[in-house]
Amino acid sequence: MKLPFTSVVPVLLVSAIAGGCGADRAASDGTDSTAAATGAGRGETAGAPAFAAVVDATSLEHKMLFGYQGWFLGHGDGSPVSGWAHWFRNDAPIAANLTIDMWPDTSELGADELLPTELAYPDGSVARLYSAYNPKTVARHFAWMKQAGIDGVALQRFLSEVQDPRFFAARNQVTRNVQAGAEAEGRVFAIEYDVTGVDEAHLVEWLEADWKHLVDTLKVTASPRYLKDGGKPVLYLWGLGFSDRPGTPAGAAALIDWLTKSADPKYRVTLVGGIPENWRTLDGDSKKDPDWAPVYRSFDVLSPWTVGRLHDDAEADAYRATLAADLAAVTAAGKRYMPVVFPGFSWHNLHGDASNQIPRRGGELYWRQVWNAVGAGATMLKTAMFDEVDEGTAMFKLAPTAAQLPTGASLVPLDADGRALPSDFYLRVGGAATALLRGDLPMTPALPVAP
């Protein structure tokens, strides 16, 4: 469930409070406060192999990519947006305006990475947040990926948003940050377009123009860390065919043809389609026009969206039948299959639904999906997501307990399900899932990561 358009492009008000950098809750003796936030003596992944220093960038096969929103901005970050994007609504950093359901662990971030809000921690110190506009913070995220054995990311790029010159410039800088992080840490990255909210009449034109900009001006595909497959750059395209997203079968077919066959060779890609869960049956979240059936099968790789659809192990196990049927249909079409897995779900502050709507259960829900997908024959996976705290799917370092949350805010700590977990727990679970996909860990339904 990616965000509806009204939630994608933040509204920034001129009444915003001017920001500045300041140190977060650092240890009083000047030492790294990470141990206090994550807990000492963390458990290790059973039988975990040594992680590769440099991830192979020539193939999607046996890759686990994490979605990376990179859309978090704040006052004082130096971006042309100059406001709180995706942390708060109305550009006012107070508890009532929060749009996130989980709080990042910022204990390792430096003073030059943190932006003050009007929230406070239980000890009275100012609660601060980061901006993806800051290269240092994004570099830190990629260092975490390397430490955990995570392959890399699919960087989200909302086509509607980048029509605004301010967001165009900000997202270009985030793209540079991601490229630099991947190159420094030996990870891989690819661009993922989201067509949510795009004017249907301009969808093809805008996407072609923006992809040319990324290739010709930002030169993303020239990076040795940009993921390739079959000798071509990998590009994700999310949202075509969804009942509530723009696009006609004819327009989608033309765009896919251009990206995979008819464009100048330097723009051609191995195209991954982020498509509806019900792409085979043309019901549910899919548009009903039968002309969509061949469109879905024209992607090089099909990646049905299942975030928020599976609530427990029983539903995850029942989904095995869909995995098998999907894989059979994809294989019959001569294509490949990339299921999506997620740790849990919560968007109470964003949309008013129940908090902790789909409990994580200490990583068990995520692991069950990974185990089922690999067992069904999937050779590549996508995790939603690395940093998505708006919908409660984030896998990066998160506040473990209420003691690390701002007071007066309705947020979900990692121990919400009664399990004490360190802040980096889901990074390590993601690393274990990556190893399982590669065949470096034995197949087991039991989560092989201890807190």
Side-chain angles (χ1 to χ4, degrees), residues 1-13 67-73 79-91 99-100 131-133 153-176 178 190-215 217-218 220 235-256 258-259 267 269 271-276 285-287 295 303 305 307 347 350-351 384-385 387-388 390-391:
M1 276 182 282
K2 288 203 174 186
L3 302 182
F5 177 60
T6 52
S7 301
V8 169
V9 181
V11 178
L12 303 172
L13 301 183
Y68 190 86
Q69 295 285 23
W71 59 12
F72 298 103
L73 304 172
S79 82
V81 174
S82 188
W84 290 102
H86 288 279
W87 296 118
F88 302 94
R89 60 176 58 86
N90 300 327
D91 202 32
T99 57
I100 62 172
S131 169
Y133 194 77
V153 303
L155 172 62
Q156 315 295 290
R157 189 172 177 91
F158 288 83
L159 189 59
S160 60
E161 184 186 60
V162 295
Q163 304 313 307
D164 180 326
R166 299 170 305 151
F167 282 95
F168 179 73
R171 300 308 173 209
N172 286 347
Q173 181 58 48
V174 173
T175 301
R176 295 185 189 98
V178 165
I191 298 296
E192 178 170 1
Y193 281 110
D194 188 317
V195 302
T196 299
V198 173
D199 177 354
E200 193 166 90
H202 294 98
L203 194 159
V204 175
E205 170 195 351
W206 286 355
L207 195 142
E208 290 183 5
D210 194 73
W211 180 237
K212 288 178 179 179
H213 170 77
L214 293 182
V215 172
T217 303
L218 293 193
V220 294
L235 181 67
Y236 285 73
L237 179 54
W238 193 96
L240 292 178
F242 283 81
S243 59
D244 58 349
R245 261 63 177 186
T248 64
L255 181 57
I256 294 169
W258 185 82
L259 286 166
Y267 304 125
V269 301
L271 190 61
V272 182
I275 58 176
D285 57 347
S286 174
K287 291 179 178 177
V295 171
S303 186
W305 186 250
V307 174
W347 61 3
L350 191 64
H351 288 299
M385 294 191 175
D387 57 342
E388 174 61 289
D390 314 64
E391 299 181 13

Residues which pass side-chain contact (heavy atoms from CB on, under 4.5 Å) with H213, listed by chain and number, not counting sequence neighbours: R157, F168, N172, T217, L218
Atom pair CG/NE2 of L207 and H202 - distance to nearest 0.5 Å: 14.0 Å
Roughly how far apart are I191 CD1 and L237 CG, rounded to 0.5 Å? 12.5 Å
Walk me through whether E208 and L255 qualify under side-chain contact (heavy atoms from CB on, under 4.5 Å). CA-CA 8 Å; E208 290 183 5; L255 181 57; 4.1 Å; yes
Report the C-alpha distance between W258 and V204 in whole Å, list the side-chain angles of each, state the deciding distance to 0.1 Å, and finish with yes or no for side-chain contact (heavy atoms from CB on, under 4.5 Å). CA-CA 9 Å; W258 185 82; V204 175; over 6 Å; no
Closest non-hydrogen atom pair, D91 against W84: OD1-N, 2.6 Å
Give the C-alpha distance, both sets of side-chain angles, the deciding distance and a yes or no for side-chain contact (heavy atoms from CB on, under 4.5 Å) between E388 and W347. CA-CA 10 Å; E388 174 61 289; W347 61 3; over 6 Å; no
Are any non-hydrogen side-chain atoms of Y133 and P80 less than 4.5 angstrom apart? yes
Looking at every non-hydrogen atom in both residues, tell me the closest pair between G239 and R245 and how far apart they are. O-CB, 3.2 Å
Exercise: identify the closest heavy-atom pair between W87 and L73: CD1-O, 3.1 Å
Show your working on side-chain contact (heavy atoms from CB on, under 4.5 Å) between W206 and D199 and close with a plain yes or no. CA-CA 9 Å; W206 286 355; D199 177 354; 4.1 Å; yes
Test item: W238 and L159 side chains (from C-beta on) under 4.5 Å apart, heavy atoms: no
Determine the minimum heavy-atom distance between V198 and L203, stating which atoms define it. CG1-CA, 3.7 Å
Which value, rounded to the nearest 0.5 Å, describes the distance between L350 atom CG and R89 atom CZ? 6.5 Å
If we only count heavy atoms from C-beta on, is the L240 to V295 side-chain gap below 4.5 Å? no
I need the F88 CZ to T99 OG1 distance, nearest 0.5 Å. 8.0 Å
Identify the two heavy atoms, one from R171 and one from W71, that lie closest to each other, and give their separation to 0.1 Å. NH1-CA, 3.1 Å
One should read off an interatomic distance between T175 OG1 and L155 CG, to the nearest 0.5 angstrom, of 4.5 Å
Would you say Q156 and M385 make side-chain contact, with heavy atoms under 4.5 Å? yes
Would a 4.5 Å heavy-atom cut-off, applied to side chains only, mark Y267 and L259 as touching? no
Ring centroids only, cut at 6.0 angstrom: are F242 and W305 within range, meaning strictly under it? no
What heavy-atom pair brings P246 and V195 nearest, and what distance separates the two atoms? CG-O, 3.2 Å
Please examine the side chains of Y193 and L214, heavy atoms only from C-beta on, and report whether any two atoms are closer than 4.5 Å. yes
